[in-house]
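Report on the structure given below.
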Amino acid sequence: MKLANTLLAATALAGIGAAAQAEKWDMPMAYAASNFHSEVGATFASCVTDGTGGELEIVTHPSGSLFGGAEIKRAVMTGQAMIGERLLSAHQNENALYGVDSIPFLVSSFDEHEKLWSIAQPYVEKALEEDNLHYVYSVPWPPQGLYMNKELTDIEGMKGVKFRSYSAATAKMAELTGALPVQVEAAELSQALATGVAESFISSGATGYDRKVWEHLSHFYEVDAWLPRNAVFVNLDAWNDLSDEAKTVITDCGATAAAEGLQKSIDYTNFTLDELKKNGMSVERASDHLMGQLQEMGEVMTAEWLETAGDDGKAIVDAYKGE
Ligand code: PCA
């Protein structure tokens, strides 16, 4: 009887032990809950929670509510959060490879972008690993165009204009055009436009739609400058501590999320440009003259990127161009 009791107690304790091992990971995300990246992240989180039978629960925190966009990568590197999503190119100053998706006019369509990414991904995974991060999946934003509060016929029209930047490349673009860069996260974009802190920016139709920028701006010029990516990564120590089963679930859910996110991004492109129009904005392709000027600027930026990204950067671009 005594032995049976002891056994019962031991079994109960083992049960509690298993329950205590169940982990909850908070997943900070910078963009609004209704944005397609955040929706894909929420589906990914449920996929992992369900797939591990609750052994690992992932809870998303969109809109920069847990960590602001600028803090997410560091938070995951240092284990303040175990997983997070971040716009990769916002960290180009730390490692040029994070800006491989923001080389101006190297790619301008989803197909071209995916080709570039398939070549660049292993290099970026390695860069993340050096930052104590394990890469899980990433999803491109739609092609980037110019938002303005007035008609823009040439690059000179950007002189002195307050230009919201989200990365080194967007800040550089401001510098080269004589605009005044101001770094603002998308979560604060509407406020920046409303208060006049920013009066133009480069981004996708998706972000203009999410932030209802027609309340403040009048023109969107399709220039298809590049397609930047949001990446989801896990703290490397936390990753190494996971069971093989949990790792497989995360990897599989990540692959599904990447495919779902790409499709959503493609579908969202025309939908959001139509919505900008419906809400009164002028949406058109930039004139040949303006495109020519932007492309010249792009060449300067590409040369600079290649210089900073060294052999790896050159290898990626050469492989992409088939050289
Ligand atoms: N939207 C994000 C990054 C690229 C995009 O299309 C933003 O503006 O912050």
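Counting starts at 1 for both ligands and their atoms, in listed order. Heads up: numbering here begins at 1 and tracks the sequence.
In the vicinity of Pro228, heavy-atom distances shorter than 4.0 Å reach the ligand 1 atoms 4 (C). Of all atoms in ligand 1, numbered sequentially from 1 with element shown, those under 4.0 Å from a heavy atom of Gln144 are 4 (C), 5 (C), 6 (O). Residue Tyr31 has at least one heavy-atom neighbour below 4.0 Å for each of these atoms of ligand 1: 2 (C), 3 (C), 7 (C), 9 (O). Taking every heavy atom of Ala186 and a limit of under 4.0 angstrom, the matching atoms of ligand 1 come to 9 (O).
More than 12 heavy atoms of other shown residues, nucleotides or ligands fall within 6.0 angstrom of atom CG in Asn240.
Regarding atom 1 (N) of ligand 1, its nearest protein heavy-atom neighbour is Thr207 OG1, 2.6 Å. Residue, atom and distance of the protein heavy atom nearest to atom 5 (C) of ligand 1 are Ser203 OG, 3.1 Å.
In summary, the side chains of Asp101 and Trp117 do not present any donor paired with an acceptor at a separation below 3.5 Å, with no hydrogens or angles considered. No side-chain donor-acceptor contact under 3.5 Å links Glu299 and Gln295.
Here Ser204 has heavy atoms under 4.0 Å from ligand 1 in both its backbone and its side chain. Residue-level proximity to ligand 1 for Arg164 is carried by the side chain, the only part with a heavy atom below 4.0 angstrom. With a 4.0 Å cut-off on non-hydrogen atoms, Phe201 does not touch ligand 1 at all. Neither the backbone nor the side chain of Glu185 comes within contact range of ligand 1; no heavy atom lies under 4.0 Å.
Note that Lys73 lies outside the cation-pi zone of Phe233, set by a 6.0 Å cut-off to the ring centre and a 45° limit from the axis.
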Test salt bridge (Lys or Arg N to Asp or Glu O under 4.0 Å) applied to Lys172 and Glu175, step by step
CA-CA 5 Å; Lys172 185 74 193 177; Glu175 188 194 314; 3.5 Å; yes
For Trp141 and Tyr166, what are the C-alpha separation, side-chain angles and deciding distance, and is it a ring-ring contact (aromatic ring centres under 6.0 Å, His included)?
CA-CA 13 Å; Trp141 287 91; Tyr166 62 67; 8.3 Å; no
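Between Pro62 and Tyr31, every side-chain heavy-atom pair lies at or beyond the 4.5 Å cut-off.
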